[in-house]
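Below: the structure, in structure tokens.
Each chain gets a letter, A, B and so on, in the order the sequences are listed, and its residues count up from 1.
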Amino acid sequence: MSKFHKVLDAFAIVVALSASVFAALTIQSDSALAAGGDIRIIAGLATSEVTITPHADACGTAYWHCDEASHPTNTGLDLTNTLGSTTSTYFQSYTYGGYAYAETSNHLANGSKCPGVDIHLWVPYPDSSTGTSVTYIDFVQIEPGIAFGSSFYLASSGWTITYVGSVKQSAPGGGCPWDGIHLHQSGTPRGSSAPYLWTNWGVESDDDPAPNGPNGNQINPTGDTVYNWLHAIQY
Amino acid sequence: MRMRRFFMVTVGATAVAAATFVSLIVSQGQDEPSRASRIPCPSVGPAGQTGEMTCFESRPTPYTSGATMFGPYRLLPAGTKFIERDYGAAPQASDFSEVNDSDAIRKSSLYIRPPLGVAETALRESTLKGTPLQVLSTWELDGKTVNVVVTVDRPEWLPIDVYLHFPDSLIQVRAEMIAGKYAIVMEPATGPAKNIGYVTVWLDGIEVSFSSEGHDHKTLRALAQAIATEKR
């Protein structure tokens, strides 16, 4: 049995034990939940309020853009910390159901000229013994602070939080386009069949109050379930 | 906040599940160098999270020694902390521009014609101060898409750092020779998820990187070999 099989099989046991308890006592949120898994990925900055900055590109809107060399279909946002100078960046997800397996790799490779961390995610669907690759969640324009090739599980419920690095404070150089201090965060869409990776196109329309910054185009990462996630895995 | 109400209701219910989950993760991961460590979570998360939290970290080790050279590549030991590089004066955002004229891109020094039987379906080029920096091509083979990125590597940007993964990482990074050219291959170590990763081949000043969700690494290597052979 391969290591990947062992990993997913062990996880299937955990979920089998926990799912009945979780399902029986959980009151469903307002958002639609898939039968198997529902995992939301929020902005990675260590802050309770994030500003989305414009970045025009043909694939999306004035904010969502798809211009990564190594993941050209990824939908991404440029994010800045509205409330302060904290630059710490985390992979932050919330699990409503299901689980996933994550492995990290270097973003500055395979055609990309910009530093960052790619988080590759598998889900145990349709067969938990084999799993399916579902997306790359990329954190770019950061100084990586996690070992490449390391792995972790997304918890079967609640938050999963993993430190990935700190936002670059100066231009990386070496052929990397850079237009100021920001986190570029993206995900690889997958919409034709389950498992899905959805892009929350509407997040840029969020109108959360912004006491310390301009109104509009801001998100409270742990706020309501409609506007404050960037990408969602459902299966 | 709806999400916060959701946490309050579910926190008790998930405690039992979480305890089981955590114990299995810890017992399973202790002996594996690639596994991120479970660490205590703060009472309030980095983005203001409350309720049930699971926290991990995998702190890399600052580089001291152990790198090996492989052509233009510096292969760094697994677990090495990202090495900040000084590439000299960093270009401004305004120094970069995009070209979308396919006919113009086909005349670029970075353009690579697809092998016979492979269709070219999209082209995009980026330039740095008017000089070609990168050409992104989309090829189609047997109805499946292959992404091809051709990137210039200036002498002052060398060596190219390659961070090797741990021996038990699910995704491995390997140094290979393809048609007599230096190549770096990122692919799953095992298991069925074969359409993950890249084959990147060095063609004396430029890198050509292949990836595909539809084709496996055997096909990507064959494409790299065809291009490398033609450029030899």
Exercise. Nearest 0.5 Å, what's the OG-CE distance between A:Ser70 and B:Met186?
Worked result: 9.5 Å

Exercise. At their closest point, which heavy atom of A:Ala155 faces which heavy atom of B:Thr54, and how far apart are they?
Worked result: CB-OG1, 3.5 Å

Problem set entry | Heavy-atom pairs under 4.5 Å with chain A, option from B:Val148, B:Thr151, B:Val173 with the top count | B:Thr151

Exercise. At a heavy-atom separation under 4.5 Å, does A:Gln92 approach chain B through its side chain, its backbone, both, or neither?
Worked result: side chain

For this session: Locate the shortest heavy-atom distance separating B:Ala47 from A:Ile42; write the atom from each residue and the value.
Result: CB-CD1, 4.2 Å

Exercise. Relative to chain A, which segment of B:Asp153 carries a heavy atom at a distance below 4.5 Å: side chain, backbone, both, or neither?
Worked result: both

Problem set entry | Heavy-atom neighbours of B:Tyr182 OH exceed 12 at 6.0 Å | no

Problem set entry | For B:Ser169 against A:Gly149, the heavy-atom pair lying closest together | OG-O, 2.6 Å

For this session: Mind listing the closest non-hydrogen atom pair of A:Asp179 and B:Ala93 along with its distance?
Result: CB-CB, 3.7 Å

Exercise. Any idea which of A:Ser88, A:Ala171, A:Pro144, A:Ala43 has the most non-hydrogen atom pairs under 4.5 angstrom with chain B?
Worked result: A:Pro144

Exercise. Which answer fits A:Tyr163, side chain, backbone, both or neither, if we ask what part of it has an atom under 4.5 Å from a heavy atom of chain B?
Worked result: both

Exercise. What orientation do B:Phe82 and A:Phe148 show, parallel under 30°, tilted 30 to 60°, or perpendicular over 60°?
Worked result: perpendicular

Exercise. Looking at A:Ser170, A:Ser150, A:Ser48, which one has more heavy-atom pairs under 4.5 Å with chain B than the rest?
Worked result: A:Ser150

Problem set entry | With A:Phe152 via ring-ring contact (aromatic ring centres under 6.0 Å, His included) - residues at least two apart | A:Phe91, B:Phe56

Problem set entry | Which portion of A:Ala109 sits near chain B, non-hydrogen atoms under 4.5 angstrom | neither

Problem set entry | Which atoms of A:Thr188 approach chain B - backbone, side chain, both or neither, heavy atom under 4.5 Å | side chain

Exercise. How far does OG of A:Ser112 sit from OH of B:Tyr198, to the nearest 0.5 angstrom?
Worked result: 8.5 Å

Exercise. Do the non-hydrogen side-chain atoms of B:Pro46 and A:Ile161 ever get within less than 4.5 Å of each other?
Worked result: yes

For this session: Calculate, to the nearest 0.5 Å, the distance between atoms OH and NZ belonging to B:Tyr87 and A:Lys113 respectively.
Result: 7.5 Å

Please tabulate, one pair per line, all N/O donor-acceptor pairs under 3.5 Å involving side-chain atoms of residues 156-166 of chain B, not counting sequence neighbours.
unit_1   : atom_1 : unit_2   : atom_2 : d
B:Asp161 : OD1    : B:Arg74  : NE     : 2.7
B:Asp161 : OD1    : B:Arg74  : NH2    : 3.0
B:Asp161 : OD2    : B:Arg74  : NH2    : 3.1
B:Asp161 : OD2    : B:Arg85  : NH1    : 3.2
B:Tyr163 : OH     : B:Ile83  : N      : 2.7
B:His165 : ND1    : B:Ile171 : O      : 2.7

Exercise. Based on non-hydrogen pairs under 4.5 Å, which of B:Glu57, B:Lys81, B:Gln134 is most in contact with chain A?
Worked result: B:Gln134

Problem set entry | Rounded distance (nearest 0.5 Å) linking atom OG1 of A:Thr160 with atom CE of B:Met53 | 11.5 Å

Problem set entry | Part of B:Val150 lying under 4.5 Å from any heavy atom of chain A | neither

For this session: May I ask you to name which of B:Gly45, B:Ser94, B:Ala36, B:Ser58 has the most heavy-atom pairs under 4.5 Å with chain A?
Result: B:Ser58

Problem set entry | Engaged part of B:Glu213 at the chain A interface, taking heavy atoms whose separation is under 4.5 Å | side chain

Problem set entry | Contacting region of B:Arg154 [heavy-atom separation from chain A under 4.5 Å] | neither

Exercise. Between A:Thr104, A:Asn106, A:Thr47, which has the largest tally of heavy atom pairs under 4.5 Å with chain B?
Worked result: A:Thr47

Exercise. Within 45 degrees of the axis of the six-membered ring of A:Tyr153 and under 6.0 Å from its centre: does B:Arg38 put its NZ or CZ there?
Worked result: no

Problem set entry | More than 12 heavy atoms of other groups within 6.0 Å of B:Gln92 CD | no

For this session: Heavy atoms only, distances under 4.5 angstrom: which of A:Ser105, A:Gly44, A:Gly174, A:Gly180 has the most pairs with chain B? Name it, please.
Result: A:Gly174

Problem set entry | Interchain contact, A:Pro72 with chain B, by part (heavy-atom threshold 4.5 Å) | side chain

Seminar exercise, completed: A:Gly175 and B:Leu133 have their tightest heavy-atom pair at O-CD2, 3.5 Å

Problem set entry | Contact leader toward chain B among A:Gly173, A:Cys176, A:Pro177, where contacts are heavy-atom pairs under 4.5 Å | A:Pro177

For this session: Please round to the nearest 0.5 Å and tell me the distance separating atom OG of A:Ser151 and atom CG of B:Asp168.
Result: 7.5 Å

